[in-house]
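Just below is one structure, and these are the notes that go with it.
Letters A, B, ... are given to chains in the order of the sequence lines, protein chains preceding strands, and every chain is numbered from 1.
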Amino acid sequence: MKYFHDKIEKKWQKFWADNQTFKASNNSDKPKYYVLDMFPYPSGAGLHVGHPLGYIASDIYARYKRHKGFNVLHPQGYDSFGLPAEQYAIQTGQHPAKTTEVNIATYRKQLDRIGFSFDWSREVRTSNPDFYKYTQWIFTLLFDSYYCKDANQARPISEIIPLFETEGNLPLNAVCDEDTPQITAEEWNNFSETEKQEFLLKYRLTFLSETTVNWCAELGTVLANDEIVNGVSERGGHPVVQKKMKQWSMRITAYAQRLLDDLQGLDWPQPIKDIQTNWIGRSEGAHLEFKIQNSTHKVGVFTTRPDTIFGVSFMTLAPEHELVAEITTAAQKEEVEAYIKATAKRSERDRMSDVKTISGCFTGAHAEHPFTKEAIPIYIGDYVLAGYGTGAVMAVPCGDQRDYDFAKHFNIPILNIFKDVDISEKAHEDKGNTIIVNSDFLTDLPYKKAFKTVIYEMEKQGFGYKKINYRLRDAVFSRQRYWGEPFPVYYKDGMPQMIAKEHLPIRLPEVENYLPTSDGKPPLGNANTWAWNVEKAEVVSNDLIDNKTIFPLELNTMPGWAGSSWYFNRYMDAHNTEDFAAAEALNYWQDVDLYIGGSEHATGHLLYSRFWQKFLYDLQYVPKKEYAKKLINQGMILGESAFVYRLVYTNQFISKNIFKKLLSNKDLSSKEEKLISNNWNNDIKGLMYQSIHVDVSIVNTSNELDVEAFKKSRKEYKDVEFILEDGKYIVGREVEKMSKSKYNVVNPDLICEEYGADSLRLFEMFLGPLEQSKPWKTSGISGVYSFLKKLWKLYQIGDNGIAHISEEEPSKESLKTLHKTIKKVDEDIANFSFNTSVSSFMIAVNELTQQKCNHRAILEPLLVLISPYAPHIAEELWEKLGHKGSISTVAYPEFDAKHLVESNKTYPISFNGKMRFTLDLSLDLSKEEIEAAVMADERTQKQLDGRTPKKVIVVPGKIVNIVG
RNA sequence: GCUCAAGUGGCGGAAUUGGUAGACGCGCUGGAUUCAAAAUCCAGUUCUUUCGGGAGUGUGGGUUCGAUUCCCACCUUGAGUACCA
């Protein structure tokens, strides 16, 4: 009986579904193990072969853990809110929920075909109201919390109100807005209700504030920093500008230090940890205040080099700095205003790309040096960013290249405060071995000492203190979009009010138009039924708004990362209607043991989700402060694009090798030359050609183009002429990212159709190390496909469908092959080195075929080893061996070292480290005996050619090396 | 610029604490089988060679009896970040 993947795979996929084979239980005597994939956004394009890579790896691991006796949770779901569905809705008027539904169905079908062992009974969808009910609830929890620096955790905001009432905010050590004023109890008590709420917003972990945001006009929404790549939007590549808007933000900065510290304990890839560390960007320094002469104002600055304070010769403020207007002198007013106007015009992108040009403007004002009391001119300049630190710097031109360049440009004096350092050419930015001079009480101190001393002195005199600054910004949480979670928020007297948990979810309203309203409100502004009736606790028509019991609801929606920031907890108890997950379920599953997904989420999802987990941990809703112990980033599978080469202004397409000859100006055969039109010959060196992507599906594995299919692919190709080689048109190849626009997408469905899911699974693993990116080459799949056929053959299935199997004791060689494989595969899985275990399966099957092994004692355990990788064939053969039911929880075979014990070793005999020949020797021999045996060998004498070796290194069981 | 990762045959890659470089597979070459093809099987396949051998893991040094593996410098590629004070 031959191997037919098609029938087998359908049969077992049905069996698994019918029997709920992979349904996980929330209580079990077995130890738990939670394997999680980053859930997909179901795009309209469906899956290509790159998508399942991580899923296959995690599935192998999950299946392996089941064999090893674990209660495995291996769920899957959909991150189903997002921009593409909405863009599509805008274009076609189709409701995003509808297209999302269709896309999910496609995804599910594609995933099922690959034979994953997901527990689909726990499926989640972020766009499902049963799910986003809890996303909304977590939002209200954040609103009702502040960050207490003393307890170093989030706490209910309600506990600070009594404090304000009795003592004001002075004793409160909490994270809050930079501009939070000090208030007394009296001031608080005299606040109106609205003022009180406004003040509390400065402390809440999610808060409304007027902030400078990244506005993307084409997408009609703001974007978070991680959604911008190279100054343009990640999705669509549209320009992004800075704009002031009232927005919801998440006070993630409160968690900066903990997000940094807890990276230590995570078994995550170092690059991800590095990226997060850089993104958080902790820097230690000092905050100090400079008095402004002839004014009551002070300018605060943050510096990492307070030790260079005596090198300060000017100050620079960001053009947007709020003090600029106040301190600018009448004489400088015109110039300053012109400069501000000019910089405001330049987009963020221009400012970023143009680092070289030095620009700025003197304000006419002077600050007072806190130690020397000398006057320091204050400039504005766009090299100072409003968003970092205080938006102002103390400029030390001798120690900072930017300050140096600025000083040179404006002819500001440069004071040298470094011992024996030449600063005539450039600033001296090194701090390691530098001694500070010309600096009053800091003179002759090295950097570290000076740093401590000056901070001590500043704190004593009261104009500065030690400060840790983070690059991490609070995360903007509002999106002016339709297809996202609505906020559980209504507005009373302009102040946001949360809707209680029992009234959630607040469902996304219907709108007839997904675009922003004509007066610039977000799409939810189009909804007619979008007001909150406080008494009835329901969403009602906007017409009823009276601002007494019926109030307008929030028009923004939440960003894409909202649902993904906590979904992993939901899988633990996906159908709970009372809580996001029951405490028992959370306590049972605890956290994710293995998380597999892409590294592109390093500063987005993987940071935000850690933040939410810590917050939920602080409120004691989850048992772990980090939700994923181990993270693996799968690499990208790249596509092999195919190209045809067209001569410009002609209808001719030239086959690759002839084209290459043309490019390198090699002689063409007269026959080839005749074929090519005169246009080209007139200007061979002009490289007048286009390389055009062709769809890889009309190119075979020998790079031969199906010319007829190509002609049919587009109208304009109908009458083209092909210059062939050997009667074929050969395409050029290049490795690129797999994408629709490059026509290099390979659909896993077609692979499953032709070679089967088991082949796809094995091949994706066999391509190379999981974490590396590597090109996809469909031609290579024949290797794993013939492996499966050989495996099948080994079980000698007769036409009656029964394996011809021996119950006798297998040979020593077969036992050795088996146990060698057990050991190797065990180690490989521990190292996530799935590519090498596929090759050891191949070796095992080749060896067992050679040995003509058909013994149950070998072939049964072998199936268990292979089952995580190629589960369908494993199930089928398991059945053919006479078993009922699934192989998926059969115990993993035990490795027994006794089968690998050897009596002989083939020693490599090397001379000066180069292996020259091998020698079979007993492992019982002593060092001396080995040396004697080697020296006695005639090949040794030949190598030595009469010389006497200086030294002979013998490592028993390993190697012999002769020096001399 | 800064931070990180990686450079091994025609290709994907292997070599777990330094110990036989190129496992396994693709591709290619030759052969068997076949009317033929597909499929299958067998042999070969780093380069070079005067067929004894010699060289070889991005480049140049170093440590070592021995280096793809450890150290230093450089080159190349990829990723992240970018006026962060």
Side-chain angles (χ1 to χ4, degrees), chain A residues 2 229-231 269-279 281-283 285 301-305 308 316 351-356 358 381-385 387-396 399-403 405-406 469-473 599-600 602-603 636 640 701-702 733 735 762-763 766-769 771-784 786-787 789-790 793 824 827-828 830-831 833 835-843 846 906-918 942 949-955 957-964:
Chain A
K2 265 184 145 180
V229 176
N230 295 328
Q270 198 54 43
I272 293 282
K273 291 192 187 183
D274 291 343
I275 290 169
Q276 292 205 348
T277 304
N278 291 337
W279 189 261
R282 181 187 200 271
S283 52
V301 300
F302 172 75
T303 177
T304 53
R305 296 295 304 274
T308 62
T316 314
R351 264 171 86 167
M352 269 190 349
S353 57
D354 177 25
V355 182
K356 297 272 162 344
I358 297 156
D382 68 358
Y383 79 97
V384 177
L385 303 178
Y388 183 77
T390 62
V393 300
M394 59 173 229
V396 184
D400 183 289
Q401 194 57 44
R402 293 156 303 171
D403 296 345
D405 295 340
F406 197 87
N469 215 24
Y470 299 93
R471 205 196 70 124
L472 183 71
R473 308 283 79 203
S599 58
E600 66 272 21
T603 55
M636 208 190 312
E640 242 210 333
T701 52
S702 315
R733 291 282 198 174
V735 172
L762 285 170
F763 186 53
F766 191 58
L767 280 176
E771 307 195 38
Q772 209 169 287
S773 37
K774 54 240 157 186
W776 174 273
K777 257 191 183 175
T778 302
S779 59
I781 204 167
S782 62
V784 294
S786 58
F787 158 74
K789 286 189 278 195
K790 280 186 217 165
K793 244 187 188 164
K824 177 80 175 116
E827 286 166 357
D828 285 345
N831 296 324
S833 175
N835 54 327
T836 48
S837 35
V838 176
S839 85
S840 43
F841 291 143
M842 291 173 170
I843 294 167
N846 287 345
T906 307
Y907 278 94
I909 311 302
S910 42
F911 293 78
N912 297 318
K914 293 252 174 240
M915 201 281 286
R916 293 308 176 206
F917 61 89
T918 58
K942 199 173 168 194
K950 284 189 196 134
K951 211 174 184 184
V952 179
I953 311 280
V954 178
V955 185
K958 285 233 159 128
I959 198 168
V960 177
N961 189 21
I962 297 163
V963 189

Here the distance between atom C1' of rU20(B) and atom OH of Tyr907(A), to the nearest Å, is 13 Å

Separation of rC26(B) atom P from Glu640(A) atom CD, nearest Å, is 16 Å

Between Ser840(A) and rC24(B), is there a contact of a side-chain N or O with OP1 or OP2 at under 4.0 Å?
no

Pull out every protein N or O sitting under 3.5 Å from an N or O of nucleotides 60-65 of chain B, one pair per line with the distance.
{"from": "rC65(B)", "atom 1": "O2'", "to": "Asn961(A)", "atom 2": "ND2", "distance (Å)": "3.1"}
{"from": "rC65(B)", "atom 1": "O2", "to": "Asn961(A)", "atom 2": "ND2", "distance (Å)": "2.8"}

Under 3.5 Å, which protein N or O atoms sit close to an N or O of nucleotides 50-58 of chain B? Give each pair with its distance.
{"from": "rG54(B)", "atom 1": "OP2", "to": "Arg916(A)", "atom 2": "NH1", "distance (Å)": "3.4"}

With respect to the side chain of [X], which nucleotide from [options] is positioned closest?
X: Ser786(A); options: rU40(B), rA14(B), rC24(B); answer: rU40(B)
X: Asp382(A); options: rA39(B), rG27(B), rC83(B); answer: rC83(B)
X: Thr303(A); options: rA85(B), rC84(B), rU20(B); answer: rA85(B)
X: Lys958(A); options: rG19(B), rA39(B), rC84(B); answer: rG19(B)
X: Asn278(A); options: rU3(B), rU40(B), rC84(B); answer: rU3(B)

Enumerate all atom pairs, one protein N or O and one N or O from nucleotides 5-12 of chain B, separated by less than 3.5 Å.
{"from": "rC11(B)", "atom 1": "O2'", "to": "Lys777(A)", "atom 2": "NZ", "distance (Å)": "3.3"}
{"from": "rG12(B)", "atom 1": "O2'", "to": "Leu767(A)", "atom 2": "O", "distance (Å)": "2.4"}

What class does the angle between the rings of Phe911(A) and Phe917(A) fall in, given that below 30° is parallel, 30 to 60° is tilted and above 60° is perpendicular? tilted

